[in-house]
Amino acid sequence: MDKLVIQGGHRLSGAVQASGSKNSALPLMAATLLSNGGAVTLHRIPDLKDIRTFRKLLEYLGVEISDQANTLSISTSNIRCAHAPYELVKQMRASIYVLGPLLARFGHASVSLPGGCAFGPRPIDLHLMTMEKLGASVSIEKGFIEAQVRGKRLKGAQIDFPISSVGATGNALMASVLAEGITTINNAAVEPEIVTLCRFLNAMGADIRRIGTPSLEIEGVQQLNATEFTNIFDRIEAATLLTAGAITGSSITVTDADPSQLTAVLGKLEQAGCRVITDTRSITLQSPDVLSRTDVIANPYPLFPTDMQAQWIALMTQAQGISHIIDKVYHERFNHIPELNRLGAHIEIRDNEATVYGPEKLTGTKVMSTDLRASACLVLAGLVAEGVTEVLRIYHLDRGYEHIEKKLSSLGAIVRRESYQEFI
Ligand code: EPZ
């Protein structure tokens, strides 16, 4: 098992490049299941554990994948089954993304229930409701979702989501593009990852309208064709790297980042006293001498992302004053707080609200990662803590950050990866 060993207290400087987006690469890879054959080429796919897990799942289904650096060439001509096994789905919840395309392509699908995760229940009721609305019978048998199209094809329908769901919107899109007739999706997620999925599906020949709005209209087509497509950059990785600059009192630039996808985060960084300079493809952050307390409420896009909530709490431990952080997306996404308090932070939790009393001097010690963004938060805290911080179980971190210790080292951080054994 690996850990990151961080010597805190060093200013950062220079520029670092964001990688391709994990949360759009996954639905793009799933959507290749809809291609009628030929090789689909996807560029700017990050080299991450979650991507490798999803690739294993697609290859289990019979998809042939080759890679060259961050480009995948995906051929679905020889798919042999529509069964997604527990062992793979359990490793990564986003495996549920194969449900819609398998049902659309084969008329049936058997996908293991993904199970829970570190920050509370992650229901999939909206995914199942979607498939039933589109004309499939759906049952849960022995821990598997068993879905079967009633007629020859899925049929267009009106899908009204009671809450905004990225995954359910993605599955609804991938199920409806080959359905018979028109589908409308109301209260659709408008995250850049969903916009990217719509653009990719249309590049394959789908007919999706009102892209980027919460009311999508899809006219089903007969088939989708192989194409070549470039993924977007990872806005959460970019925001995490900028926060590394802010927490260490540095000035850094993140290149290959689209500031238009981070307006809420950049606004909060400015509210905390940072100067943010942007152009179309890069973001420069200049830190203030003293960070100001800044409240945040995590909400669906375009508001402040829940995937930056943990990193923001780490930053606010160094801000002057008391900050309130509420997560309205995942009410239990606070496993990082006990570990931050072990570093010397003073944070209280009540329901889905954290209260951060700052500034508090952090002192390095061993801390345990519990999930992807919690591990990123602990790395940020280690960058500013006095002495050495060891962030354990960074397999969580490796799910969503490509070579982050190399990127931070290139900015001047003293951080190295070491393997270690955990006591039984
Ligand atoms: C995506 O997860 C992201 N994962 C998450 O990023 C991100 O936190 C989340 O969207 C919210 O932005 C990927 O894209 C792979 P949701 P997803 O469906 O699709 C509830 C990371 O750190 N809900 O938008 O699973 C759900 O409980 C990961 O990169 C239902 O009630 O999230 C939550 O409260 C973590 N029923 C809310 O909707 C459902 O059927 C939003 O979840 C589905 C979701």
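Numbering of ligands and ligand atoms starts at 1, following listing order.
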### Message
Could you check whether any side-chain heavy atom of E339 comes within less than 4.5 Å of a side-chain heavy atom of T370, counting everything from C-beta outward?
### Response
no
### Query
Among protein heavy atoms, which sits nearest to atom 36 (N) of ligand 1, and what does the distance come to when rounded to 0.1 Å?
D125 OD1, 2.7 Å
### Query
What atoms of ligand 1 come within less than 4.0 Å of a heavy atom belonging to I124?
39 (C), 40 (O)
### Task
Can you run down the ring-ring contact (aromatic ring centres under 6.0 Å, His included) pairs that involve residues 186-206, sequence neighbours left out, and say none if there aren't any?
F200-F229
### Query
Are any of the N/O atoms in A94 less than 3.5 Å from those in ligand 1?
no
#### Entry: Per-atom contacts of ligand 1 with G167, taking only distances under 4.0 Å to non-hydrogen atoms
18 (O), 19 (O)
#### Entry: Within 6.0 Å of NZ in K268, more than 12 heavy atoms from elsewhere
yes
#### Entry: Pairwise distance CG(L241) to CD1(I404) - rounded to 0.5 angstrom
5.5 Å
### Query
Tell me: protein heavy atom nearest atom 3 (C) of ligand 1, and distance?
N23 ND2, 3.7 Å
### Message
Would L372 count as a polar contact of ligand 1, with the cut-off being nitrogen or oxygen pairs under 3.5 Å?
### Response
no
### Task
Determine, for D256 against R281, whether the closest basic-nitrogen to carboxylate-oxygen distance falls under 4.0 angstrom.
yes
### Query
Can you list the atoms of ligand 1 that are under 4.0 Å from a heavy atom of V329?
33 (C), 34 (O), 41 (C)
### Message
Looking at ligand 1, would H127 count as a contact under a 4.0 Å heavy-atom criterion?
### Response
yes
### Task
First locate atom CG of D160, then atom CG of N186, and finally report the distance between them rounded to the nearest 0.5 Å.
4.5 Å
### Query
Which atoms of ligand 1 are found less than 4.0 Å from any heavy atom of L126?
36 (N), 39 (C), 40 (O)
### Query
Does an N or O anywhere in Y97 fall below 3.5 Å from an N or O of ligand 1?
no
### Query
Which protein heavy atom lies closest to atom 22 (O) of ligand 1, and at what distance to 0.1 Å?
R373 NE, 2.9 Å
### Message
If we ignore hydrogens and angles and just use 3.5 Å, is the side chain of T183 paired with the main-chain N or O of A157 as donor and acceptor?
### Response
yes
#### Entry: Basic-acidic side-chain contact under 4.0 Å: D307, K22
no
### Query
Any chance the side chains of T213 and S215 put a donor and an acceptor closer than 3.5 Å?
no
### NZ (K49) with more than 12 external heavy atoms under 6.0 Å
yes
### Query
Taking the inter-plane angle between the rings of F304 and W312 on a 0 to 90° scale, is it parallel (under 30°), tilted (30 to 60°) or perpendicular (over 60°)?
perpendicular
### Summary
Nearest non-hydrogen protein atom to atom 18 (O) of ligand 1, with distance, is S165 OG, 2.7 Å
### Task
Not counting sequence neighbours, which residues clear side-chain hydrogen bond (donor to acceptor under 3.5 Å, both in side chains) with Y395? List them please.
none
### Query
Out of T32, V40, L178, which residue meets the side chain to side chain contact (heavy atoms under 4.5 Å, CB included) rule with L224?
L178
### From the candidates L26, D307, V166, the one that places a heavy atom nearest atom 6 (O) of ligand 1
D307
### I163, any N or O under 3.5 Å of ligand 1 N or O
no
#### Entry: Close approach, G170 and ligand 1, non-hydrogen under 4.0 angstrom
no
### Message
Test your reading of the structure: does R122 have an N or O sitting under 3.5 Å from an N or O of ligand 1?
### Response
yes
### Task
Any atoms of ligand 1 less than 4.0 Å from a non-hydrogen atom of T306? List them with their elements.
8 (O), 11 (C)
### Residue portion contacting ligand 1 (non-hydrogen atoms closer than 4.0 Å) for R333
side chain
### Query
In terms of residue, atom name and distance, what is the protein heavy atom nearest to atom 26 (C) of ligand 1?
Y330 CE2, 4.1 Å
### Query
Hey, which atoms in ligand 1 end up nearer than 4.0 Å to a heavy atom of P123?
27 (O), 30 (C), 31 (O), 36 (N), 39 (C), 40 (O), 43 (C), 44 (C)
### Query
Looking at ligand 1, does any of its N/O atoms fall within less than 3.5 Å of an N/O of K22?
yes
## Note on the structure
Within the 4.0 Å heavy-atom cut-off, what S164 brings close to ligand 1 is backbone
